[in-house]
Each structure stands twice: as structure tokens, then as C-alpha cells.
Amino acid sequence: MSAPTPRPASPSPRAPGPHSNSWWIQWLLRPLAWLVGLAVAGGLAATMLICMGLAVIYPNLPSLNGLMDYRPKMPLRVYSADNTLIGEFGEEKRTFQPIAQMPKVMKEAVLAIEDARFYRHGGVDYIGVLRAGLANFGEARSQGASTITMQVARNFYLSTEKTFSRKIYEILLALKIEGMLSKDQILELYMNQIYLGQRAYGFAAACETYFGKPLKDITVAEAAMLAGLPKAPSAYNPLRNLKRATIRQQYILDRMLDNGFITAEQHAKAKSETLVYRSKAPVSREGEYVAEAARALMYEQYGAEAYSRGLNVYTTVKMSDQVAATRALRKGLLDFDRRQAWRGPEAYIDLPADPKQVDVRVAEALEEHPDSDNIKSAVVLSAEPRRVVALLQSGESIDIRTEGLKGLAAALSDKAPPKQQIRRGAVVRVYQNSNNQWQITQLPEVEGALVAIDPRSGEVRAMAGGFDFERNKFNHVTQAWRQPGSSFKPFIYSAALEKGFTPATTVNDAPLFFDAGTTGGQPWEPKNYDGKFEGPMPLRRALAKSKNMVSIRILKSVGPRYAQDWITRFGFEADKHPAYLTMALGAGSVTPLQMADAYAVFANGGYRVNPTLVTRVTDSRNAVLAQHRPAVLDESMRAIDARNAFLMSSLLQEVTRSGTAARAQASLGRPDLYGKTGTTNDSMDAWFAGYTARVVAVVWIGHDQPRKLGDKETGGGLALPVWIDFMRTALRGMPVEEPTPPEGVINIGGEWFYEEYTAGTGVRELTPDENDAAAPDAPNADEKRSILDLFGGKPEVQP
């Protein structure tokens, strides 16, 4: 037998050696070595690229003149005389803030999130680049490494596309910028140029936009919120997405603490602070017509540059007067409209059956029916004869009961005409009355204007050009050419005073008739407003009662051509007031501003001053570009004799004491009020023009497309109450001030006369023969001119 083959012995355990931990080298050291190698290689490549860039690209980089002489696009801003912002025009809202005035906390909030090493690098933060590279490698997400200087380079000179070549340009531009500007200059550029949402550029404008306060008053928490905006202004806008914006704000507060910019106590306080955002519009709506007029003046002067060079325009309007004018006019127009018939809802919309979708549908629909101050738009959810439930754009549901439904019984009936019926889906207007009860109303179709000026300087104190600027931007103060009616009569009377008439001159208030032979066309038989004739009366009483027959007889006597020339002394245009007898009844064309300017001649003792709206214009650095010097009344500005102005004020004072405007003195409780009512043919225009020694105010009410206001509507009933409401504010604190009799006038038996035109030498009365004579300057019959040619229309002008 053979012996068995022996088995190999089992290997003995291996003794520890130098390669026993190769797995550790394999999984840790080798990748690290690769990373180091890649970093070195990348660094060498980057260095080579930068060197190549410096050699090839750097000489061709754009000039930095735009940064050296930084002139940001800044909007045109319009202010009242007491520095209330009333208008802002331009694509970008911006307020330049020098770096020295930039709050420390705002700068530190920006540095904490955008570039904490800003003051320690030379434009490119290589440590930040490496950190961003490692973060991108390890987290599989993008982490930026742009410094503030690189962002300045990008914002001023480069596109936003993310390409390698653009990044090289960005780095090289940053290096060039750092070589030419100081760190503070670079930070100033960044903090004033960066877009921060809501059309706001720069942190000063953003603080006003989001918090309604100047940047100097910003808190740590607010600064952190604003500092979060540059990365994505839309995404981190707290007015649109508060939750997302707050998360970023909290992170920035942490970064501020980590960088030592704030203490732990400040950090904790800021994190718990509840921010209050701006709820009121930064621009006062009461001054929109004034702002638009100022804008037009600036555009005429500076062209398109007016909207980008940061002009600050200071106007003459006092904000208290402007608010009073706007509210008085709106109230007067609404009071008139409430006397009109219900015209029906503004629109009808289909409401979804699902209650959860109603709110969104209403909000969308009401975008086309914006609120008008305190008059809000609403959609009716349900309508019953004594109750209406409606939804506002804000989502608030309102309950309108019997008191708020006055005059709407027919519209709430099932038998109401479809276009007038108030039913589910109807878009209506509502407002809260003095008892905080909701009422249904409607926006007025009628329009109006109120303008007030200082008669001593011509400075405009208030200008309300219509009911609502957003609804109708046509400025009726400066653009509406309308017939002035009887408010024009004082200028005819003024002409008569120079022809020997006196306040005591007797003129017959008797019927007048001009046949076809006299007129060369159709017959004309003018009438008084009330259809009554009161016989002979002095001029004082005739003007107070606004007697049309007397005015026509006066004009016949002095001559239409003489009167046409005379009225140009007050600023009226002769060609808009043809030399016909209808001029006595205000058949020409004027604007409310022209009327205010003309009445100022009576108010200031006979001087003509041009209306002024702008007192000063400065640029973005507050350098004065234009300065208006207030007018100083002197004889070179004299339009009429001081005696004429004094006697006319005496006559116009009688109008407000016992005549068609007697309500003025009775309501305001002072004698130094002067003025004249005016109502045109068929009550298409209602006027009141009145003044004191320091304020001239004119009110006009009518439709844009002329039509009757109503048979019983007059200047005394429509325009005068608006004037009184405004003057309550405008005259507050002003002492009673009546004119001093000038040289050359005497008082006889309580009446004023020119010294040379007393009872014995002036026109004592117009005789019946004169009253019935044909009109001076009438054409011969063989000229065959129509009555429209001769009389400029056939208005039967009312008081």
C-alpha cells in the first residue's frame, strides 16, 4: 500500500505591514489628491486664461466714464409748496443716496449676504470662488461667487447670459473697476443702481416703496428684508410672497450675526420683529391734475430727459388748499348726480356656482372698475327689495339695507329694465355714509373744475381739474373752453365805467327784440332767466340780480368793438369773443384758469399777473436749475385803473351780499367776498367766480359733451356751494380785508363814483330811445349776414 499524500498547511495570519490600510488610501486620500490636482490645474488654467485676457481683452474693455461720472436714471418728482409728493414720472423709482449717508446697518446687511469679504479682496474673491466650487461639487447645486464689484460690472456693462466668456469679461472689468474706484464708490454705485422690485431701484427708493419711510430710519429687520431682494426681486418680494421673503430675511440675519455685524441681542430682536409694510400710496392722489400740468411744463422744457435726470419740481399749490379743492369739487358733483335718475349698474358679470371661486372672479372683474377714492366698486351677490349683499375687490362682504337703497326700489324690482336692474352679478358703486352704513351710488357723468390763485402773485394755490384723474385725465381748468355766461358780465360793466357809467346809472330792464332787418338774419328776442322784467334799475342792482336786458343795453351803449378790446386787458383773447351783443351774455369761450386770472385784476387793484404753477426746479443733487421770482406789483403791470377795480369790487360785493350769490356772505360770515354767478343757455354750464384780497377761486360744472344740466340748475345752485366749501379752508385764519378807496373816487349818498363822473357829468341813465336803438356795429342789411354771424349764436344766458 502507498502512503497518503500530505495536505498543505493552512496559511498563518499575515503580520501587520506598511500596506495594511490601503482601503483608506483608496477611498479618501486618492479623491482628495484628485481634487487638489484639479484645483491646481484649474487654478493654473484660470491664471493662464486671466493672463491671456489681460493681454488680449483688457485693452479693449469699455471705458468706465459712466461709472466715474455716475448719473442714474431718476424719475421726475413733483411736490406741493409744502413738500408733499404729488406726482412721480419715469420708468424707474430711484432716490440717490451718497454712501456717507447710507445707514451702517443697511450696508452691513448687504455685505453679509452678497459679499462679506468686499473690503478684503481686490474685485475677485478667490477664496469665495474656491468655496463656491467645492459647494457646487459637493451639493450638486449652483452657488454664486460674484463679488459686489463683479455685480457692478455686470449691471452696467454686461448681459445676464451665463457663459464662460461673459464671466471672463466680468472678472476683468471688476479688476479694472477696483483699480479706478474706491471701495466706498463701488458700494455706492451698487446700492443705488440695483433693482429691488416694485419699480424701485436702489435701497433708498426700496425703503420708501416697501416701508414708507426714509432709509435713515430703517431697522435691522427691515434692512435684512431689503438685502434679500437683489438675488431675485420678484421671488423675494414681501408684498407678493411674505413667507418666502421672510425665510430669506431670517437667513440674512443669521449671516449678519456670523459676520459680527450685529450682536446676539440685536439678532434675537430682529428675528421676532413684525414688519409693517406701506399701505398708503406714496403719491397723494389729490394733486394728480397739478402734477400732470407740471409734468407737461417740464417735458416742454427738457424733452424726454425730464423723466430720467431726477428733476424735482416744486409747485405753488398748498396741500391743505389742494385737498379742500378736490373734496369740495367731488362733493358738489356727487350732490348733483344724486338728484339724477338711476342709470343702472356699470356692468354685469357671470358668477360661478361654486362659492369658493366667487372671490377670485369678483377680484378679476373689478380690475376694470377701479375704486375712486372712497367710492368703491362691488359685485352684487344677492339682491332683494330691502337688502343687497355685495363683495368688494378686497374680498370683504358688505350688507346694504334700506337706508342705503334709497331711490332704488324700481331697480330692485323683478320688472326693472334689464340694463337698470340690480341683480346678482351687477357691478355697482358703494360708499360709507357718515353713519358708516354702506350705500349704493353711481359715479357722476357730469364734470367740473376748481382753480384758486393768489391775485397778488398769480401763484396757483389749488387746481382740481375734474372728478377723478384716473377716470378722466382731461384737465378742465386749463383745457375746457366753455361759455362763461353771466360770470362774464363784470368785464362789460368794467368797460362801461370807462365810458361814464356809474354804479348808480339807471338802465331799463325791459324786453328787447331785434328783427330780421336789424340783424340781417333771423330775429332775436333775449330774455332774463326768470322771464320777468323789472323796469329801470341802477347798475348795482342789475348786476346783483344778473339782469340780461341791462347788460345788453350797456354793451349797445359802449359799443361791442370797444368792449372786445377792453376785455383783452384781463387776458381774454379777442377772437374768442366776437364783437356782437351776445358778448354781454358771455357767449364767448374761456377756460376756468383764464377766468381766475381775469378776476385777479379786480382783486389786486387793477394789475395783470400771469398764473404761475412752478416755483423751483432742481436736479438729482439739489442744484437749482430754475427759480421763479414772485411778481411784485408795479405800474408796468397795470391793466385797468385802480378806481375801476375798486368800483367793480364794490359791485361784486353786492352780488355776494344781496344778489344771486348772497349765500356766500351768509355761509362764510364775512363781508369781504366778491363774485359773480353764471349759467349759460339751457343750463349747460354753471359758474361761480369769486375772490377776496388774497384768494381768487373759480368753479365750473358741466358735461364734456355740452348738454342741459337741468331746468332749475344754476351757477348759484351748483357752482357756488363748491366755492363756499373750498373757501372755508382757504380763508381759515385770514382776517377780513376790504380794499381801500384809491385816489379819484368819492362817495356820495353811500354810492361810489369817479370824481369826474358824478351825478352831474356821468351817464345818469340810458333813455328809452337809446334802449331801443339798433345795435352799434351791426352790418348793413345788404350784407345779408345771418344772426349766427352777427350774434355768435343765440344764447339766452341766465344768472
Side-chain angles (χ1 to χ4, degrees), residues 486 488-510 534-570 572 579 581 583-584 598-599 601-608 635 638-655 657-659 674-676 738-773 775-777:
S486 295
F488 196 76
K489 289 176 182 175
F491 306 105
I492 305 302
Y493 277 59
S494 173
L497 293 179
E498 298 302 306
K499 289 287 190 177
F501 282 73
T502 73
T505 299
T506 300
V507 181
N508 194 17
D509 175 33
E534 299 185 37
M537 63 177 63
L539 261 61
R540 177 175 293 278
R541 184 180 175 200
L543 186 61
K545 297 176 75 67
S546 198
K547 289 294 184 176
N548 293 339
M549 303 303 105
V550 173
S551 295
I552 294 172
R553 286 185 165 94
I554 291 173
L555 182 57
K556 283 176 59 182
S557 179
V558 303
R561 297 200 189 282
Y562 174 81
Q564 183 190 43
D565 179 68
W566 181 259
I567 65 171
T568 61
R569 294 168 175 258
F570 298 88
F572 295 117
L581 291 185
M583 181 167 52
Y599 270 81
V601 176
F602 295 142
N604 64 29
Y607 301 96
R608 174 81 198 289
E635 290 307 305
R638 182 163 292 286
I640 62 175
D641 192 281
R643 300 181 305 170
N644 190 301
F646 177 78
L647 261 64
M648 286 308 306
S649 287
S650 175
L651 291 172
L652 292 170
Q653 187 178 38
E654 190 66 34
V655 177
R657 187 188 71 82
S658 66
Y674 316 84
K676 183 70 185 73
E738 299 187 68
T740 302
E743 291 185 10
V745 299
I746 58 175
N747 191 290
I748 301 175
E751 187 57 271
W752 292 100
F753 299 86
Y754 285 7
E755 283 182 339
E756 66 270 31
Y757 294 145
T758 57
T761 56
V763 178
R764 185 174 181 181
E765 64 178 344
L766 292 183
T767 66
D769 289 339
E770 289 174 322
N771 290 344
D772 297 331
D777 301 309

Compare all side-chain heavy atoms of [X] with those of [Y] and state whether any distance is below 4.5 angstrom.
| X | Y | value |
| --- | --- | --- |
| Val655 | Ser546 | no |
| Thr502 | Glu751 | no |
| Leu555 | Met583 | yes |
| Val507 | Met537 | no |
| Leu766 | Thr506 | no |
| Trp752 | Ile746 | no |
| Pro536 | Asp509 | no |
| Tyr674 | Met648 | no |

Can you confirm if the aromatic rings of [Y] and [X] lie within a centre distance of less than 6.0 Å?
| X | Y | result |
| --- | --- | --- |
| Tyr754 | Phe501 | no |
| Phe570 | Phe602 | yes |
| Trp566 | Phe491 | no |

Testing the basics here: between [X] and [Y], what is the closest heavy-atom pair and its distance to 0.1 Å?
| X | Y | answer |
| --- | --- | --- |
| Ser486 | Asn548 | OG-OD1, 3.9 Å |
| Pro503 | Leu651 | CB-CD2, 3.7 Å |
| Ala510 | Arg553 | O-NH1, 2.8 Å |
| Arg569 | Ala639 | NH1-O, 2.8 Å |
| Ile492 | Ser551 | CG2-O, 4.4 Å |
| Gly605 | Ala645 | C-CB, 3.6 Å |

- Message: Under the criterion side chain to side chain contact (heavy atoms under 4.5 Å, CB included), I'd like the reasoning laid out for Tyr599 against Lys676: C-alpha separation, chi angles, the key distance, then a yes or no.
- Response: CA-CA 10 Å; Tyr599 270 81; Lys676 183 70 185 73; 3.4 Å; yes
How long is the gap from [atom1] on [X] to [atom2] on [Y], to the nearest 0.5 Å?
| X | Y | atom1 | atom2 | result |
| --- | --- | --- | --- | --- |
| Leu652 | Arg540 | CG | CZ | 9.5 Å |
| Leu497 | Asn644 | CG | CG | 5.0 Å |
| Ser494 | Asp641 | OG | CG | 10.0 Å |
| Ile554 | Leu581 | CD1 | CG | 12.5 Å |
| Asn604 | Arg608 | CG | CZ | 10.5 Å |
| Glu498 | Tyr562 | CD | OH | 5.5 Å |

- Are Arg643 and Glu756 ion-paired here, with the side-chain N under 4.0 Å from a carboxylate O?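 Salt bridge flag = yes for Glu756 with Arg643.
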- Message: With a 4.0 Å cut-off on N to O distance, would you call Arg541 and Glu654 a salt bridge?
- Response: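 No, Arg541 and Glu654 are not salt-bridged.
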- Message: Is it the case that the side chain of Ser649 and the backbone of Phe646 share a donor-acceptor pair, with hydrogens and angles ignored and the cut-off at 3.5 Å?
- Response: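 Not a single qualifying donor-acceptor pair exists.
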- Message: Apply side chain to side chain contact (heavy atoms under 4.5 Å, CB included) to residues Thr761 and Phe753 and explain how you reach the verdict.
- Response: CA-CA 11 Å; Thr761 56; Phe753 299 86; over 6 Å; no
- For Glu635, does the CD atom sit with more than 12 other heavy atoms under 6.0 Å from it, leaving out its own atoms?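 Counting neighbours around CD of Glu635, more than 12 heavy atoms of other residues, nucleotides or ligands fall under 6.0 Å, so yes.
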- Working for side chain to side chain contact (heavy atoms under 4.5 Å, CB included), residues Met549 and Asn508: CA-CA 8 Å; Met549 303 303 105; Asn508 194 17; over 6 Å; no
